[in-house]
Amino acid sequence: MSMGRVDLATIGNFVGQTVTFGGWLTRKRSSGKIQFLQIRDGMGFIQGVLVKAEVDESVWEKAGQLTQESSFYITGIVREEPRSPSGFELSVTGIEIIQIAKDYPITPKEHGVDFLMDHRHLWLRAPRQRAILRIRAEIISAIQGFFDERGFTLVDPPILTPSSCEGTTNLFHTKYFEEDAYLTQSGQLYMEAAAMALGKVYSFGPTFRAEKSKTRRHLIEFWMIEPEMAFVDHEENLRVQEQFIAHIVGQVLSKCKAELMVLERDTTALERVLPPFPRITYDEALDLLKEIGMDLPWGEDFGAPHETAIAEKFDRPVFITHYPASFKAFYMKPDPSRPEVVLCADMIAPEGYGEIIGGSQRIDDPELLEKRFAEHELSEEAYGWYMDLRRYGTVPHSGFGLGLERAVSWICGLDHVRETIAFPRTLYRLYP
């Protein structure tokens, strides 16, 4: 009995039945009397088997014509096959060719990164790239589920802004009719306003940094998740963050087993991502670095090698808290017992993946914020609306930002962040 068209995500529901679906050929081999077709449909993969003595000659000939990435409709009987990664196999009975692809550029041989990035629109079809994007989608689902289940409201801050939350040095400048404008580097300031209206909010959108950086951790265009919470202090903020990351990793481990297997990801490292996460202060981090010969003066920020060295001392993400106010953002609240440091934390991922979350308690004292405006030469004209949040019903509040691509890179165990998004924008790449 034919079940009509199905997809490979649900093919296991049709064992013993005849099905039809659309697909592409990834590769094939033949023993003369049997042809083996490796087929994908975007939802999954399956092997199709044709036995020459059991199919019409026209079906056999059509299978012989198929080339890499040729498209077709295929009909066959679904069989269980324990040796197959999917657990199933298709006994092919019919093929309807849509197109025979000619000279597909990405062949099974090795290709350089530049070549693959120039053909990113096609490279996405590779099993590894598909697995990464599926995990990325699951991470996004986990993020939204975490906040939605806890009463957060999704709010969309603007992408075009008249000013920056951390200075305009690394922002893309544009003209908003006759005014100067910038592509946002963060929606945080706007999310603070939203939190004063809705209590607990989060944003999920693209952000832009015009940094001329070529490191494996940096993209020019990336996605940020930025929650803000009214009546939440520094300690509670940290608890939310560790629960958040544990939730994301747990959902990926549960729902992306096949994709993690394709990536050959060591999941034991991810299985350890359970709260509570260890915490060390900036001062303690300096001492730790000094012990291993990486001496830094107090008041200097950490670079990638320092973060990696610190992370190697722990088996799960670690918080570094209480950084010097001198190199942190103007809005971070000083520690009342030690004003030269702020109530902030960076979450450093294990395995050398660096900072994935930065957060802090925000300044809620209007007088102190005015002082910070003066110190950072921020104009009342540009930031007056932000000051209003402290003038009219100020409360303790906190928030953080997660860089999605860095999180994807860590969870997938990737060498470079460029594979974490479908069409990456890096220092020298705006195509395709």
Side-chain angles (χ1 to χ4, degrees), residues 132-159 161 164-166 183-195 198-209 217-230 232 234 236-252 255-256 270 273 275 277 317 319 329 331-332 344-349 353-362 397-412 414 417 420-422 424-425:
I132 293 167
L133 293 182
R134 288 294 296 269
I135 291 173
R136 177 190 172 103
E138 195 61 51
I139 290 171
I140 291 171
S141 173
I143 289 167
Q144 293 171 329
F146 178 88
F147 290 121
D148 292 348
E149 291 164 10
R150 288 161 178 78
F152 284 71
T153 300
L154 176 64
V155 174
D156 301 313
I159 291 173
T161 67
S164 156
C165 69
E166 297 175 11
L183 296 182
T184 184
Q185 65 177 179
S186 169
Q188 180 209 306
L189 304 189
Y190 295 97
M191 298 311 294
E192 289 187 53
L198 295 161
K200 295 189 294 185
V201 297
Y202 75 103
S203 65
F204 197 138
T207 52
F208 308 84
R209 297 281 173 100
R217 296 180 181 178
H218 284 85
L219 291 172
I220 302 300
E221 176 185 302
F222 55 99
W223 287 69
M224 286 285 289
I225 297 87
E226 297 183 283
E228 286 291 329
M229 299 162 284
V232 167
H234 172 63
E236 187 175 351
N237 191 22
L238 297 188
R239 288 194 293 273
V240 172
Q241 291 175 47
E242 61 191 7
Q243 292 166 8
F244 176 54
I245 291 298
H247 174 84
I248 293 169
V249 172
Q251 185 163 321
V252 171
K255 296 191 175 182
C256 296
L270 298 176
V273 181
F277 295 171
F319 288 112
Y331 49 74
M332 293 187 178
C344 72
D346 289 345
M347 185 190 292
I348 310 301
Y353 284 92
E355 178 195 339
I356 52 172
I357 286 183
S360 73
Q361 186 168 342
R362 319 310 191 185
H397 62 288
S398 303
F400 61 90
L402 169 75
L404 177 61
E405 284 73 22
R406 285 195 183 183
V408 173
S409 183
W410 161 51
I411 292 172
C412 290
L414 306 180
V417 75
T420 62
I421 189 169
R425 295 295 176 248

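Just the heavy atoms: all of them, side chains too, but no hydrogens, waters or symmetry mates, feed the values below.
E355 places a side-chain heavy atom less than 4.5 Å from the side chain of D346. Looking only at side-chain heavy atoms (C-beta outward), I139 and V249 stay at 4.5 Å or farther from each other. Residues L238 and E242 have side chains not in contact (no heavy-atom distance under 4.5 Å, counting atoms from C-beta outward). Side-chain contact check for Y353 versus R406: every heavy-atom pair is 4.5 Å or farther apart.
T207 contributes a side-chain N or O that, together with a main-chain N or O of F222, makes up a donor-acceptor pair within less than 3.5 Å. R150 places a side-chain N or O within 3.5 Å of a backbone atom of F146 that can act as its donor or acceptor partner. A distance-only check finds no donor-acceptor pair linking the side chain of R217 to the backbone of V417 [under 3.5 Å]. Between the side chain of S398 and the backbone N or O of V232, at least one donor-acceptor pair lies under 3.5 Å.
Remark: S141 OG to Q251 CD distance equals 5.0 Å, nearest 0.5 Å. Atom CZ of F204 and atom CZ of F147 lie 9.5 Å apart (nearest 0.5 Å). In this structure, the separation between CD on Q243 and CD1 on I248 is 12.0 Å, given to the nearest 0.5 Å. Rounded to the nearest 0.5 Å, atoms CD (Q188) and OH (Y331) are 4.0 Å apart. Within the model, atoms CZ of F244 and CD1 of I357 stand 6.0 Å from one another, a figure rounded to the nearest 0.5 Å. Atom CD1 of residue I225 and atom CG of residue L154 lie 11.0 Å apart, to the nearest 0.5 angstrom.
Pairs passing the side-chain hydrogen bond (donor to acceptor under 3.5 Å, both in side chains) check and including a residue from residues 219-228, sequence neighbours excluded, read S186-E226, E228-R362.
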Exercise for review: Could you walk me through whether Y190 and V155 pass side-chain contact (heavy atoms from CB on, under 4.5 Å), step by step?
Suggested key: CA-CA 9 Å; Y190 295 97; V155 174; over 6 Å; no

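The side-chain contact (heavy atoms from CB on, under 4.5 Å) test applied to R134 returns R130, E259, not counting sequence neighbours. For D148, the side chain to side chain donor-acceptor pair (under 3.5 Å) criterion is met by Y202, not counting sequence neighbours.
Inspection of the H397 and E192 side chains reveals an N or O donor paired with an N or O acceptor under 3.5 Å.
Nearest approach of L133 to I421, heavy atoms of both residues: CD2-C, 4.2 Å.
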